[in-house]
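Input: a single structure, listed below in structure tokens.
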Number of protein chains: 2
Amino acid sequence: MPRTATITPTEEDARLQALGYRLTAPRRAIIATLREAGRFCTATQLHERITARDVGLASVYRTLELLAEVGLAERRAEVGGEASFLYCSPRHHHHVICTDCGTVREIDAAFCPDEAVTRAVEAATDFQIARHTMDFHGLCADCQGGG
Amino acid sequence: MPRTATITPTEEDARLQALGYRLTAPRRAIIATLREAGRFCTATQLHERITARDVGLASVYRTLELLAEVGLAERRAEVGGEASFLYCSPRHHHHVICTDCGTVREIDAAFCPDEAVTRAVEAATDFQIARHTMDFHGLCADCQGGG
DNA sequence: CGCTTATTGACACAGGCTCTCAATAGCCGT
DNA sequence: ACGGCTATTGAGAGCCTGTGTCAATAAGCG
Ligand SMILES: [Mn+2]
Ligand SMILES: [Mn+2]
Ligand SMILES: [Zn+2]
Ligand SMILES: [Zn+2]
């Protein structure tokens with residue numbers, strides 16, 4: 001029996017480690033906070049939100065940069081010049097984004113465009129398609145009620 | 001017969017005008033340059049590229065902001081904090097983006113996800129889907145040859 | 001062809017993001 | 001478990017993108 005609660009490394013943590021990056025407390029905090037947010041977050045927002053430990057703002061930026069590089073986060077341009085980041089699970093997936101409250105939910109590859117579509121695009125463009133993105137925008141269940 | 005070459009307002013120019021915005025020389029230059037680039041461009045890049053007239057950098061920023069607002073451009077976050085803009089035609093369309101040289105080509109709505117897919121996403125998520133985005137990434141014809 | 005006023009360009013300025021560097025803490029080998 | 005190597009961190013200075021201000025200009029309209 002484990003004496004103390006074993007800190008189970010999440011799947012994302014493991015991925016970072018596999019790529020040779022050190023699994024540090026600040027990184028864990030940032031990743032967890034971003035994942036639990038379930039929406040696009042700015043570095044400042046995450047920095048304010050992390051309370052368990054004193055994480056420097058520069059480290060938040062550095063980690064977000066790293067996550068985007070590795071594919072665990074998606075960077076988006078925000079009006080006002082401040083970038084936003086969304087947590088992305090390691091698996092291929094797509095997004096459903098609420099246009100009202102900003103909530104994001106992942107949907108799995110079952111909804112991917114048919115292989116035939118990709119072939120058709122290749123035929124029409126002479127591109128050699130390697131990957132795709134697809135997002136759906138609309139109102140989440142909570143935001144459909146009120147005006 | 002026209003004595004001088006009539007400057008035909010492009011479809012985008014007309015759209016701006018219809019929305020009550022004035023069709024100025026700087027705006028035309030910026031739009032034309034962005035459209036002809038056929039790729040994501042930063043404000044600085046566009047500013048350097050516009051030679052026909054002396055356009056202020058602030059005006060480039062303002063126009064790009066306007067275009068994004070109206071739907072004639074798509075804003076993207078770039079590594080390094082500088083935002084990039086891609087010209088987007090007024091019609092609904094999707095993108096094929098070269099992962100090597102950055103060239104972007106539009107493909108039309110014929111490749112849209114089937115209506116049934118959108119319905120399935122709605123059923124799976126309880127969202128009310130209003131619109132979607134879909135981009136394909138791969139190598140353009142020119143970039144497939146060499147390594 | 002003038003009048004009205006949206007738009008421009010220059011420049012000052014704000015704030016997001018990065019760089020530097022000494023201190024800290026993962027990770028590995030023992 | 002312990003110690004060493006070095007990636008990583010946090011603080012703060014500094015850079016650079018992007019915005020606000022304002023007088024001058026020009027688009028649109030009668
Ligand atoms: Mn995702
Ligand atoms: Mn487009
Ligand atoms: Zn919502
Ligand atoms: Zn290419």
With respect to the phosphate group of [N], does any side-chain polar atom (N or O) of [X] fall under 4.0 Å of OP1 or OP2?
X: B/Arg53; N: C/dG9; value: yes
X: B/Ser59; N: C/dT7; value: no
X: A/Gln17; N: C/dC27; value: yes
X: B/Thr24; N: C/dT8; value: yes

Nucleotide of [options] approaching [X] most closely (side-chain heavy atoms):
X: A/Glu82; options: C/dG16, D/dT8, D/dT17; result: C/dG16
X: A/Asp54; options: C/dT18, D/dA11, D/dG18; result: D/dA11
X: B/Arg22; options: D/dG28, C/dC17, D/dT8; result: D/dG28

Quick one, A/Arg131 and A/His92 - any side-chain contact, counting heavy atoms below 4.5 Å?
no
Any donor-acceptor N or O pair under 3.5 Å, side chains A/Thr42, A/Glu78:
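Result is no, nothing qualifies.
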Which part of the nucleic acid does B/Arg62 contact within heavy-atom distance under 4.0 Å: base, sugar-phosphate only, or nothing?
base
Which is true for A/Ala43 with a 4.0 Å heavy-atom rule: it touches a base, it touches only sugar-phosphate, or it touches nothing?
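Nothing: the residue A/Ala43, judged by heavy atoms under 4.0 Å, touches no strand.
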Quick one: sort the A/His94 and A/His132 rings into parallel, tilted or perpendicular, breaks at 30° and 60°.
parallel
Donor-acceptor contact below 3.5 Å, side chain A/Arg105 vs main chain A/Cys140:
no
Per nearest nucleotide of DNA chain C, the residue lying toward the 5' end, B/Val55 or A/Arg75, is B/Val55
For [X] and [N], what is the distance between atoms [atom1] and [atom2] respectively, to the nearest whole Å?
X: B/Arg27; N: C/dT8; atom1: CZ; atom2: C1'; answer: 10 Å
X: B/Leu23; N: D/dT25; atom1: CG; atom2: C1'; answer: 16 Å
X: A/Glu65; N: C/dG16; atom1: CD; atom2: P; answer: 17 Å
X: B/Leu16; N: D/dG28; atom1: CG; atom2: P; answer: 11 Å
X: A/Tyr21; N: D/dT6; atom1: OH; atom2: C1'; answer: 15 Å
X: A/Leu57; N: D/dA13; atom1: CG; atom2: P; answer: 15 Å
X: B/Phe85; N: D/dG18; atom1: CZ; atom2: P; answer: 7 Å
X: B/Tyr61; N: D/dG20; atom1: OH; atom2: P; answer: 13 Å

Go nucleotide by nucleotide along DNA chain D from the 5' end; which of B/Pro26 and B/Thr42 gets its closest nucleotide reached first?
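Its nearest nucleotide lies further toward 5', so the answer is B/Thr42.
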side-chain contact (heavy atoms from CB on, under 4.5 Å) partners of B/Asp114, counting only residues at least two apart
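B/Asp114: side-chain contact (heavy atoms from CB on, under 4.5 Å) contacts with B/Ala116, B/Val117.
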